[in-house]
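Order of appearance sets the numbers: ligands from 1, and atoms from 1 within every ligand.
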Amino acid sequence: MDGRNARDDWWRHAVVYQIYPRSFADASGDGIGDIAGIRSKLPHLAALGVDAIWISPWYPSPMADAGYDVSDYRDIEPLFGTLAEADALIAEAHEAGIKIIIDIVPNHTSDQHALFQAALAAAPGSPERELYVFREGRGTDNELPPNDWQSNFGGPAWTRVPDGQWYLHLFAPAQPDVNWRHPEVRAEFEQTLRFWFDRGIDGFRIDVAHGLEKDWELPDLDGLVFPLADDAEADHPHWDQPAVHEIFREWRRIADEYSPARAFCGEIWVGRPHRLAAYLRPDELHTAFNFDFLMAPWLLGELRSVIDATIASHAAVGAPPTWVLGNHDVCRPVSRYAREQAGLKPMARHLDDFAELPADFDLGRLRTRSAALLMLALPGGAYVYQGEELGLPEAEGIPAEALQDPIWFQSGGTEKGRDGCRVPLPWNASGDSLGFSPEGSAAPWLPQPSDWTALAADAQDGVPDSTLELYRAALKLRHQLDELGDGTLRWLDGPADTLVFTRPAGAGEHRFECWTNFGVASVTLPQGRVLLASGDLDADGNLPSDTTVWMSR
Ligand code: NOJ
């Protein structure tokens, strides 16, 4: 592990590997991943060379939204294991030189959380109800929701309780939004931060960080679409409200009390780069996911302008950019890039946005490998979602009766949602569940496609041109080359249809260059040594279409 990881500002350059615990590795044999499974795969993660892992929610949960509905923030979901196992995982990860970030879900709790259950049991107007967002409805008899806000998963954002009041849920009805104006809510979450910081975790990924504060007048949207236009003057009533920043200033004060200081990464969908950067001011969050990069089509102009806008907006607040190609909420990049890239609708990110378009998966894989090398050469940190290192595509053929995403149910079965990127990982090329669970276990909680054998980790291990070996080599070089990670980028003039940049911070006499060919024809590479290539060069050593190389010159 390189020395940069021992520094307090490890988050400025870290490659963070996202673990979706239900689907990573199952040691108990119930068909659902668990902490013991994660511990058993730490050698895989260490060999991959990641700096940190981020674990999606592992708290007790009724699983209405696969763990993003938390019923107790200071314990471990029994399906996943115990607090003692979590402690052991934290210690073992640290021993392997890997930092550990966990998810916190502060916009909403589960409807089974003790505080929401108490609110339901209490009368309208009671202090218990104040911790959530209960309101009277509209209409002659309270029969209409208090306003026109919609759930992110489809349908109204309000559900009526038996005494006639309505409560707000920007996601599933089983995920009631909490009232961040209330000091007890703030105190609850601060206690949760400390609970886990005290156990040694290195940071939190903050779910829906841009949603906590609302315009508490709860005005109608009247057709207002989010993200807002760049020059929008008014704020959106429930996303990116300015008051949210004060919450994160307080959280930062808490993180900074620890040594080494703990770090935050915000899940912040705001569209506008300057509004995202506002969350990354020096006294707020350390980093945020770069969803503009994730959603950018594989087109030179689009990617270059996202990279430029990201670097400029982050530099303005002194924060490191981060780069991400996938996560548990979006279509896997292999399947996204397998489609025609021109003319995708804005915010296209779910399988449902791509499924109807013709697909060329070999092309998708070629582009994804290329995108991975491009991403890992950019300044700042990067996120790798589990299975990206295996080149997994989206599982597009999950039968309707197996789908579990609330989007599927709340859309009345018209949108498949996100299950296709959440399928349990293939570790071995043989066996009932491709090594996800021990032999003879219950079936995986989502079915694995029958053609994933060749993508299994053990089938790629040691195979020089496999995606697994490509990621390993790239992460190893990132640790060896001073230029990579945090720092700056300088664009170079390459041949037409190429994106070429150097990372000038290196002290050595050689210069690092990253070349990507977006054109149809191969291009001639300059004199120098190819350190790593995302695909085969052609017979003359030229750079083919949709291929990236790292060079030393
Ligand atoms: C974002 C999470 O990544 C997603 O999986 C979840 O459904 C929503 N937030 C609600 O918590």
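The protein non-hydrogen atom at the shortest distance from atom 8 (C) of ligand 1 is Phe171 CE2, 3.8 Å. Of the protein's non-hydrogen atoms, the one nearest atom 9 (N) of ligand 1 is Asp207 OD1, 2.8 Å. Protein heavy atom closest to atom 6 (C) of ligand 1, with residue, atom name and distance, is Asp65 OD2, 3.3 Å. When hydrogens are left out, the protein atom nearest atom 5 (O) of ligand 1 is Asp329 OD1, 2.7 Å; that is the closest non-hydrogen contact.
If you look at Arg422 next to ligand 1, the close heavy atoms, those under 4.0 Å, all belong to the side chain. With a 4.0 Å heavy-atom cut-off, ligand 1 is reached by no atom of Phe289. Here His169 has no heavy atoms under 4.0 Å from ligand 1, in either its backbone or its side chain.
Proximity of the aromatic rings of Trp58 and Trp196 is defined here by a centroid distance below 6.0 angstrom, and this criterion is met. Aromatic ring centroids of Tyr68 and Phe171 lie 6.0 Å or more apart. Taking the six-membered ring for Trp, Trp180 and Phe189 have ring centres closer than 6.0 Å. Between Phe116 and Tyr132, the distance from one ring center to the other falls under 6.0 angstrom. Residues Phe436 and Phe24 place their aromatic rings such that the two centres sit no closer than 6.0 Å. Ring centroid separation for the pair Trp149 and His238 comes in under the 6.0 Å cut-off.
Contact atoms of ligand 1 toward Arg418: 4 (C), 5 (O), 6 (C), 7 (O) (distance under 4.0 Å to a heavy atom of the residue). Atoms of ligand 1 found under 4.0 Å from any heavy atom of His328, numbered from 1 in the order shown, are 2 (C), 3 (O), 4 (C), 5 (O). Of all the atoms in ligand 1, the ones that sit under 4.0 Å from a non-hydrogen atom of His108 are 10 (C), 11 (O). Less than 4.0 angstrom separates some heavy atom of Val208 from each of these atoms of ligand 1: 9 (N).
Annotation: cation-pi pair Arg22/Trp445 present, NZ/CZ under 6.0 Å from the ring centroid and within 45° of its normal. In this structure, Lys416 fails the cation-pi test against Trp408, since its NZ or CZ atom is not both closer than 6.0 Å to the six-membered ring centre and inside 45 degrees of the ring normal.
Distances shorter than 4.0 angstrom occur between a heavy atom of Arg205 and an atom of ligand 1.
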